[in-house]
Amino acid sequence: MTIFRYAQTIIYNLTFFFCATQCVYSQSTLKGSVIDSSSQLPISNAIIYTVDKDSNTILSYNFCNTEGVFEIDIMLIKYPLILKINKLGYKSQLYFYENRIKIPLNPIFQLMEDTILIKEVMILGRSKIKEKKDTTIFDVEQYRDSTERNLEQLLGKIPGVEVDRHTGEITFKGKQIKRILVEGDDISGSDYRIVSRTVDPALLETIQIIDKFESNELLKHTVSSDEQVINITLKKQFKFSTSGEIGVGFGTSNQHSHAAKLLSFSPNIKFLNNYEYNTIGIASENILKNNLNLLPRTPNQSINPLTSKSDIKRFFNDLNLNTLPIGSELYYFNKTGLGVLNYSIKKMPQLKLTGSLSYSLDNINSEQNQFSIYRLIDSIFRLKEFEKTTTTLHRFSTSLSAEYNLNKHSQISYQGYYNNTTINNSQQNQVNNFKTNIQQPFTNYILKNELNHIQKINNRITIINSVLSLNQQINESIFIDEFSNRLWPFTQTNFGLISQSALSNRIDRQFSSSAYFGSDSMRLSCTLGFAYSNQKIASRILLYDKSHQLITTKDTAISNFALIGNDFFSQFKWQKKWVNADFFAEIRLGNFFSKNTNFLHFYQFYGLPQIGFSKKFGKAVMTSSYAYDLTLPKFNNIVENIYFLKNYRNIEIGTPEQNPYRSHKFVFNYTKTNLARGYNYFLNLTSNLSNGGYQTFTTIENDFTNTTLLTNKYPNWRLFLNLGGDKFIDKLASRVFIKPYLSFSNSQNNLSGYGQRTFNTFNYGGDIEIRSGFLGFFNFNVELNTGYRKIIFKKEGINSNLDLITNNLFSSLSFKVTEGLRLEFQNEAILINDNQNSKATTFGYSHLSFYLNPKNKKWDIMFKVHNLLNTKQWVYSQVNDLTFVETTTSLIPRYLLIKFSYKFNSAKSNL
Amino acid sequence: MKNCVLILLFLQSTTCAFSQNLGKVDYILIEKKTGSKTIDSKKATLFFSPDSSLFIHSLAKEFGEEDSYWPESVEWFKKKNKDEMGAFIVDPVGQGVYKNFVKKKMQFRKLFLSEAYTVDEPSFPSLKWEIFAETKNFNNIKCQKAVTKFRGRRYTAWFAPSIPIQDGPWKLSGCPGLILEAYDDTDEVLFLFAGIEYPFQSLKKSISPFSVVVKHTFEEFKVAPQIEFEKMKRRSLSSGSSSGVTINRIVNKEVEIAF
């Protein structure tokens, strides 16, 4: 029995040992269970997985059933085995088993509830940037660091966006932004500064940048728009809201800065009000432009029948100088009052109204001392000028744009604009020894009416008929106390006492009809039209002697001049779009003649063929275009100094241009932007070759004035090469801009009495800008512009060189000392040096500001020391083909300003 | 004793369902339809808790959100979602999938023309995922690649092991981590990751099955496109406005091709 029992025990033990080892060594799956460590209850649905020790990736996995039991495949696992048990809301557990023997049989794993895990995966996963076709969307919250006070400052932090700190002009990927829409509604026209400098970034959800934007629903898919716009969308709580800010600021030296803004938004009605009064140098034109071109885009504008020859000619005349970026406010002693109301109303689905109402009053006093050196080919002429100006400007304007959809296929729209500007300008001048005193009242009325009708025949054919009428009346009167006419080439000066009055009245009418055939992939447009323009100028000059006795009254040669111009124009444009490339061909043809009551003055035919293409290579876009301009002018009489204004074109016609005007313009652009990686590179090459004869400057000889002619002789060749880069470093919220440029131009001028001269101009330099910040604690913006310009004059073997170096260093430092206190320091320094002047010109100014933002964020207190270093005067130099001008200007002396601002909003949410 | 365990299990499961462990994933749902040149893309959201989830899209109430979230305006979205009869193919309930991993229940709601089908899956689809070592980051969340075949399509999914739930968009589930992105190999069905919020506090709709007005069986759902087209055709012909007009059906390829 004992033996039997002993044998039995051995057998049991052997069996058990055999079974057990068999279990361990042959197990291809691991079976176990998972329980809650505190309640000891099974956990269902937990995830069990094995992890590769090298790549930390999952090899095999399974889930617990409702009883917390799992079974996982471990057949092919390499040891050590890493087992991870995980469940949402529990702390994950990790187990290491060096070999199979170490793996327990039917293990029970315990998981502990853990909230830390939540933090571990608490992610705001909304991507910062989304790109879809022509739309790029930025999530505002991910770019804000609470230091930005308006939309403009926020835009400067977004990759690919560049904001000019002087003009407020915005570009994206190197292309200009035409307007800013609020939730799809245009409440500012193209003067978007009223939006970009008013809207608080805290209201915003996203910033969308839309290229090739066409706002008119009926024109989409048939008319091609090249506009790039920004559309801002509001956070949910601000979609129906009223918000605003009231600010009151007082300073020493009787300085004031008060402002109130009120924004009211709902999906159907939007209002934007801005009221401002200041004496700190911000004139109304720095807040609000006032120009016809700023009105909302109308269907008529897509026709664009008239040539933009003035732009082409300007291209010739400008040397693309880097004008020094000195804020004009520095020398202003002003009083400015401004009220602006912009609105957009969509109460009925078929009617959309947008408009504006604005009034501004500026009183500006400025003083300037200017010392000019005119470096002529064989002599130097020096001019000392003192100018004291007092200008009072009243400006009232109102605009209304209405779109009414008659049905799904037709729309009528109206745009009206009225502007009244009155300027009273009083100027005291001293030129060398001559003193002058000029009173210059000026009034200008503009009334514009435009009616458009769009008819969509089907989805592929659209017809637009437009009627445009524009009346403009300018009444200008100049009284010159002591007159000194600065005459070229300064060999003589005349002076006398002159009063001049001129009344100019211009009426434009235009009718055009366009047919568009197209789809997304192909578009063809044909336009035929007729434009009529009539301009009358009545001018009279009264000449007095030094003792204020009237010597003579003389009607000038252009007195009672009536100019009637008719322009028949046509335009054909064809566009084709492939998957990655756009191609377009366009020809604009027209003839234009003008005459006065007696004889024909001027006749011209113009042809403007242009071809271009745009192609995308992944993140890169390449565009190229070639334009040929042929103008055949014909005169039957000499025309003296006609200022002909036709649809905002200023054509100055001098003596007849006998040669046909031809120009070839080639533009190449290459842009590579990867917003996710935060870089933007561009290359821009422009070449322009012209043939013909063209005069840039004329005056009339009439008893007491001289004539000067400056004729550009062609060929004239200019080449511009501009390349740059912008890198956005995400973790530091930093941006680095590098923009070298190079241009070369060659032209020949003929200055009357001075013969033929040749200009060769080399211009190269670069801008480097670094903007950075450390998570909102410290932001800095350092901008260095450096430029070198060499101008070579040649005349009959005489060479003269001018080497000019300009350096401009702007720095802005911003510290977030605490959550509620920020400190800002701005400094600008300019250094100018040239080879013909041993003394370098330097200039600088500094401002120091403190911003105090209490906890509720509704109050904002600003304390500013303006012109901290108290520079009383600054000097700057300007150079162009002919002149080198140094200007000395008095600065506003140092003053202190304290400003309280109160923010409010109806959404009851902290901004 | 067994009953006690069941009660405790029930309590455990309900506790989990109402716990604070809620999350929200946004996807861009893209379906390329036959015969249409444009790609239909819409926002879809997965509200998840440890043991149940609700995947929802085409929800009319959410238009407010769409406005700020999408490049296109609401108007555009509405127009794009209009069918030929002019009716919006969005409804206040929304379309989507409800999953309960404890009860092993899956219910979905889908619109065919103007008829909503709310259907219970006969059994919880058990997807066999093949796991690959390949990884990819979505907003700094490390994801691993997995591939499976489901209802006639081969899907590639990117799941996040750091978010330990076996859930994903639409009917896709069963990975050892939340699926953040998935697409089929013909690129006709895509669920693209658009964002994640976890924990998500402001869930207005509870994670619960769809309210059923008209019950449809899974077998009816399989032939729903034909049935609804015939209904629409009859309606349109009986209205008299389409006399002499032939109505042809463009057969759109559904997401589920084979059952």
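Residue numbers start from 1 in every chain, and the chains themselves are labelled A, B, ... in the order their sequence lines are given, proteins ahead of strands.
Residue A:Leu351 places its CG atom among more than 12 non-hydrogen atoms of other residues, nucleotides or ligands, all under 6.0 Å distant. Annotation for B:Lys149: atom NZ does not count as buried by contact number, only 12 or fewer foreign heavy atoms lying within 6.0 Å. Other residues, nucleotides and ligands contribute more than 12 heavy atoms inside 6.0 Å of the CZ atom of B:Arg151.
Shown here are the side-chain contact (heavy atoms from CB on, under 4.5 Å) partners of B:Thr148, two or more places apart in sequence or in another chain: B:Leu127, B:Trp129, B:Tyr155. Here A:Lys212 pairs with A:Asp582 under the salt bridge (Lys or Arg N to Asp or Glu O under 4.0 Å) rule; sequence neighbours left out.
Taking every heavy atom of both residues into account, A:Asn86 and B:Pro161 meet most closely at ND2-O, 3.8 Å. Between B:Ile165 and A:Ile47 the shortest heavy-atom distance is N-CD1, 3.7 Å. Closest approach of A:Asn45 to B:Pro50, counting heavy atoms only: ND2-O, 3.2 Å. Minimum interatomic distance between B:Val102 and A:Ser44 (heavy atoms only, all atoms of both residues): CG2-OG, 3.8 Å. The shortest heavy-atom contact between B:Pro176 and A:Tyr61 is CG-CG, 3.6 Å.
Here the side chain of B:Gln144 pairs a donor or acceptor atom with the backbone of A:Ile58 at under 3.5 angstrom.
At a 4.5 Å heavy-atom cutoff, B:Phe138 makes no contact with chain A through either its backbone or its side chain. Contact annotation for B:Ile131: only side-chain heavy atoms (C-beta onward) come within less than 4.5 Å of a heavy atom of chain A.
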Going through the distances and angles, do A:Asn65 and B:Lys104 end up as a side chain to side chain contact (heavy atoms under 4.5 Å, CB included)? CA-CA 10 Å; A:Asn65 63 16; B:Lys104 293 286 172 195; over 6 Å; no
